[in-house]
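Order of the sequence lines fixes the chain letters, A, B, ..., with proteins taken first and strands second; residue numbering starts at 1 for each chain.
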Protein chains: 2
Amino acid sequence: MPGQQLKIAIEKLKGSGVRITPQRQAILSFLIETMTHPTADEIYKMLETKFPNMSVATIYNNLKVFKDLGLIKELTYGDASSRFDANLQTHYHAICDRCGKIEDFYTENLSNVEQVAAKITGFKVASHRMEVYGTCRSCQLNH
Amino acid sequence: MPGQQLKIAIEKLKGSGVRITPQRQAILSFLIETMTHPTADEIYKMLETKFPNMSVATIYNNLKVFKDLGLIKELTYGDASSRFDANLQTHYHAICDRCGKIEDFYTENLSNVEQVAAKITGFKVASHRMEVYGTCRSCQLNH
DNA sequence: CTACTTGCAAACTTTTTGCTTGCGA
DNA sequence: TCGCAAGCAAAAAGTTTGCAAGTAG
């Protein structure tokens, strides 16, 4: 229930003394509703009809605020720009070499690798990230 | 034995019709010898005493060549620039939130997650990547 | 009211590109 | 010699910054 998630996120924003501006809410709301891991520029383009005067800097400002509060995660791949993900459930990504699509998938939580890594490296481990790379189904079909 | 790895890599370059220039060899050799996952700029700085006239474009050109031949891997994290890793053994990274250090670690190969991901997503999976994030030992000690 | 945000433009950083000259095989 | 590679500089792309004006609480 994304509506619920938005509500909780907004409470969290308020709780940390951050103002709820229309732009801020729209960016957050868009991130929570979309499944597409958009770039900053994609967010900008999606919202420019609603906020014709909004600047990219506002997008970046807000992404930083959300990230610092743990409301979103930043994903960086080989390509130029970062992508942002408001799905906070533990999940993993499959990335297509061919078309660049990022598909979420859920499997058993690999948090045991955190413990293994901690034991080996001496790190105090807080989180992990895992991705697989390959060719997505539709790119396989299109030869 | 890094000398061996370099030799093999150079054979691979020759085999694909790529020339072995001094700059190319120096960049590759540096990547294989270092443990530090350097950025393009760091490579540039390390080699500028040896090649005062070398341009950054040469670094990028060669990194692209190496990557296309599978001799190195590109790592992208939240920070600005890509890092490059010539360690081709299956291994994982622990990244310190505090100081940014990247520590390699080896554990059981997680390639079974590739199969799981393939089954769930329909991807033809070729590789995977896993990282843990946290605080490294020395940052823990330095409070 | 006032501190936080926005909008804007310029600056900055990283990476890419086009083109000429140079050099490895 | 031939064609790939290096050097150079300019451009592109993404992100950050400084500041004036606006507004949420």
Side-chain angles (χ1 to χ4, degrees), chain A residues 9-30 37-69 71-72 74-84 100, chain B residues 9-31 37-69 71-84 100:
Chain A
I10 288 177
E11 286 311 312
K12 208 161 179 177
L13 286 172
K14 282 183 183 166
S16 46
V18 175
R19 275 190 205 155
I20 313 300
T21 64
Q23 294 89 333
R24 177 161 290 162
Q25 180 157 351
I27 296 167
L28 183 56
S29 168
F30 174 65
H37 317 86
T39 63
D41 196 59
E42 282 164 3
I43 299 169
Y44 179 61
K45 290 203 168 59
M46 288 310 277
L47 297 179
E48 71 180 350
T49 43
K50 208 168 182 176
F51 299 94
N53 297 321
M54 184 165 59
S55 80
V56 242
T58 297
I59 305 280
Y60 282 103
N61 282 341
N62 281 296
L63 290 172
K64 190 173 186 328
V65 170
F66 301 155
K67 205 175 106 182
D68 289 348
L69 288 174
L71 299 178
I72 62 171
E74 183 174 359
L75 310 172
T76 53
Y77 303 105
D79 50 355
S81 42
S82 290
R83 300 186 160 276
F84 298 89
Chain B
I10 288 177
E11 285 312 312
K12 208 160 177 178
L13 286 172
K14 281 182 183 166
S16 45
V18 175
R19 276 190 204 154
I20 313 300
T21 64
Q23 294 90 334
R24 177 161 290 166
Q25 180 157 349
I27 296 167
L28 183 56
S29 168
F30 174 66
L31 277 168
H37 317 87
T39 63
D41 196 58
E42 283 164 3
I43 300 169
Y44 180 61
K45 288 202 169 58
M46 289 308 278
L47 297 179
E48 71 179 351
T49 43
K50 210 168 181 176
F51 299 94
N53 296 322
M54 184 164 59
S55 80
V56 242
T58 297
I59 305 279
Y60 282 103
N61 282 340
N62 280 297
L63 289 172
K64 189 171 186 331
V65 170
F66 301 155
K67 205 175 106 183
D68 289 348
L69 289 174
L71 300 176
I72 61 172
K73 291 200 164 145
E74 183 174 0
L75 309 172
T76 53
Y77 302 107
D79 49 356
S81 40
S82 289
R83 301 186 159 276
F84 297 89

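Under the 3.5 Å distance criterion, the side-chain polar atoms of A:S82 are left unmatched by any main-chain donor or acceptor of A:T76.
Judged by closest nucleotide on DNA chain C, A:F51 is the one of A:F51 and B:P22 placed further toward the 5' end. Position along DNA chain D of the nearest nucleotide to B:G17 versus B:P52 favours B:G17 as the more 5'-ward residue.
One can place CD of A:E42 at 10 Å from P of D:dG14, the figure rounded to the nearest angstrom. Atom pair A:I20:CD1 and C:dA3:P shows a separation of 19 Å (rounding to whole Å applied). For B:K45 and C:dT13, the NZ to C1' distance is 11 Å, given to the nearest whole Å. In this entry the distance linking CG of A:D41 with P of D:dT16 reads 14 Å, nearest Å. Remark: C1' of D:dG14 and CG of A:N61 are 15 Å apart, rounded to the nearest angstrom. Distance B:I59 CD1 to D:dG7 P: 9 Å, rounded to the nearest Å. Taking atom NZ of residue A:K64 and atom C1' of nucleotide D:dT17, one finds them 13 Å apart after rounding to whole Å. Rounded to a whole Å, the CG atom of A:L63 is 16 Å from the C1' atom of D:dT17.
At least one side-chain nitrogen or oxygen of B:T58 sits closer than 4.0 Å to the OP1 or OP2 atom of D:dG7. Considering only side-chain N and O atoms, A:Q23 lies under 4.0 angstrom from the phosphate OP1 or OP2 of C:dG7. Look at B:S55 and you won't find any side-chain N or O under 4.0 angstrom from OP1 or OP2 of D:dA6. Using a 4.0 Å cut-off, some side-chain N or O of A:S82 falls inside it from OP1 or OP2 of D:dT15. When the side-chain nitrogen and oxygen atoms of B:Y60 are compared with OP1 and OP2 of C:dT15, one or more of them lie within a distance under 4.0 Å.
Donor-acceptor pairing under 3.5 Å, judged by distance alone, is absent between the side chain of B:R24 and the base of D:dA5.
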